[in-house]
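Worth knowing before you read on, the calculation uses all heavy atoms, side chains too, and leaves out hydrogens, waters and symmetry mates. In what follows, chains are A, B, ... by sequence order, proteins preceding strands, each numbered from 1.
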Amino acid sequence: MNRLDFTATQSIESTLSTNKLIKNTYMLLSATLVWSALMALVSMAIAPSPMISLGTSLGALVVLWFVLPRYANSAAGLWVVFGVTGLLGFGLGPTLNYYVALSNGGQIVATAFGGTGIIFLALSGYALSTKRDFSFMGGFIFAGMIVVMLASLAGLFLDMPGLHLAISAAVILLMSGYILFETSQMVNGAQTNYIMATVSLYLAILNIFTSLLHLLGALGGED
Amino acid sequence: MPGFFYRTGKTMDWVKIFSAILIVGWIIFLWPRAKHWMKNSPKAKEGDWMAAILPLAAVVGFVALLIMMV
């Protein structure tokens with residue numbers, strides 16, 4: 001085999017593995033989103049206290065932190081992903097119940113749900129079709145996330161509705177950038193683990209959904 | 001990320017304290033990746049930022065449209 005053939009074979013193999021990664025990621029992401037929505041419906045029906053909801057979110061963080069990295073390269077990682085997304089979906093229940101109780105709550109939740117889907121599909125499609133490397137945004141996005149977290153921490157103890165709205169708007173922008181970043185990581189071979197890619201995209205979608213819900217509730221409804 | 005807990009208007013202290021623990025947990029979780037990317041992000045090439053800003057601007061416009069619709 002001459003060098004040209006070898007390079008062509010390498011390129012085909014690389015394209016095939018990228019396509020497989022993208023296919024696996026989107027299939028697992030779809031399944032986890034459905035699972036998470038089911039858990040959110042169960043949580044809405046049970047109506048647990050906010051403390052339980054916080055507990056499930058803290059549990060998801062612990063699993064993400066300590067368990068997922070150990071199993072991300074094995075089939076057991078799939079169960080961990082469903083565990084994390086189930087816990088996070090369950091944690092959404094009280095928030096959804098709050099918005100559904102508003103006069104136009106059903107419309108707000110449906111709009112946030114549809115809007116999140118459109119944002120994700122459009123950004124992901126854009127990153128897949130341009131094949132541009134968005135990894136230059138990494139520092140900006142992660143620094144932004146830390147700033148938003150610190151602002152959220154301050155927002156807990158300061159009664160500033162404007163700050164909460166600004167945080168939600170910033171989260172939507174940062175997570176939109178993160179979808180571009182993570183998708184380009186998959187396309188360009190920097191991300192090779194579909195379990196980790198799924199969890200990253202799932203968290204971006206969840207954050208866009210909750211922030212959009214907040215913005216629509218506050219500016220379009222009666223928050 | 002954990003902001004939706006306090007956005008529901010529940011102002012009980014223990015909810016705030018637990019939310020604060022959760023936020024600090026997320027900061028600690030994100031910090032190593034943030035540090036890595038802040039140090040090792042490749043430099044943007046010409047046109048890269050424009051290629052990122054255009055879809056993000058579209059997202060801003062879309063969200064504004066959704067707010068007007070509701």
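Partner Val70(B) forms a side chain to side chain contact (heavy atoms under 4.5 Å, CB included) with one of Asn104(A), Leu215(A), Leu219(A) and no other, that one being Asn104(A). Residue Ile67(B) is tested with Leu216(A), Thr111(A), Leu212(A) for a side chain to side chain contact (heavy atoms under 4.5 Å, CB included); the sole match is Leu216(A).
Residue-environment remark: CZ (Phe62(B)) exceeds the threshold of 12 foreign heavy atoms within 6.0 Å. When the shell of 6.0 Å around CH2 of Trp79(A) is examined, it contains 12 or fewer heavy atoms from other residues, nucleotides or ligands. Within a 6.0 Å radius of OH in Tyr71(A), other residues, nucleotides and ligands contribute 12 heavy atoms or fewer. By the neighbour-count criterion of 12 heavy atoms within 6.0 Å, atom CZ of Phe113(A) is sparsely surrounded, having that number or fewer from other residues, nucleotides or ligands.
Remark: Met51(A) CE to Phe18(B) CZ distance equals 4.5 Å, nearest 0.5 Å. The line from CG of Leu61(A) to CD1 of Ile23(B) is 11.5 Å long, rounded to the nearest 0.5 Å. Within the model, atoms CE of Met149(A) and CD1 of Ile28(B) stand 11.5 Å from one another, a figure rounded to the nearest 0.5 Å. To the nearest 0.5 Å, atoms CE (Met145(A)) and CH2 (Trp37(B)) are separated by 11.5 Å. Leu54(A) contributes atom CG, which lies 9.5 Å from atom CD1 of Ile21(B) (distance to the nearest 0.5 angstrom).
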Contacts table for residues 169-178 of chain A: side-chain donor-acceptor under 3.5 angstrom, sequence neighbours left out:
from: Ser176(A); atom 1: OG; to: Ile172(A); atom 2: O; distance (Å): 2.7
from: Tyr178(A); atom 1: OH; to: Glu182(A); atom 2: OE1; distance (Å): 3.1
from: Tyr178(A); atom 1: OH; to: Ser200(A); atom 2: OG; distance (Å): 3.3
from: Tyr178(A); atom 1: OH; to: Arg33(B); atom 2: NH2; distance (Å): 3.4

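The shortest non-hydrogen separation linking Phe136(A) to Ala52(B) is CZ-CB, 4.2 Å. The two residues Ser41(B) and Gly139(A) come nearest to each other via the heavy atoms OG-N, 2.8 Å. Listed here is the closest heavy atom pair of Leu22(B) and Ser57(A): CD2-CB, 3.8 Å. The minimum heavy-atom distance between Ile146(A) and Ala34(B), with the atom names listed, is CG1-CB, 3.9 Å. Annotation for Pro55(B) and Leu180(A): closest pair CG-CD1, 4.0 Å, computed over non-hydrogen atoms. The two residues Ala143(A) and Met38(B) make their nearest non-hydrogen contact at CB-SD, 3.7 Å.
For the pair Lys35(B)/Phe142(A), no side-chain contact is recorded, criterion being any heavy-atom separation below 4.5 Å from C-beta on.
The greatest number of non-hydrogen atom pairs below 4.5 Å with chain B, out of Ile118(A), Ile141(A), Thr130(A), Val62(A), is found for Ile118(A). When the candidates Asn40(B), Val24(B), Leu56(B), Asp48(B) are compared by the number of heavy-atom contacts under 4.5 Å with chain A, Asp48(B) comes out ahead.
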Apply side-chain contact (heavy atoms from CB on, under 4.5 Å) to the pair Trp26(B) and Leu153(A), showing each step before the final yes or no.
CA-CA 11 Å; Trp26(B) 278 110; Leu153(A) 197 58; over 6 Å; no
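The contact between Leu58(A) and chain B is made by backbone and side chain atoms together, counting heavy-atom distances below 4.5 Å.
For Tyr126(A) (side chain) and Ala51(B) (main-chain N/O), a donor-acceptor pair under 3.5 Å exists by modelled atom type.
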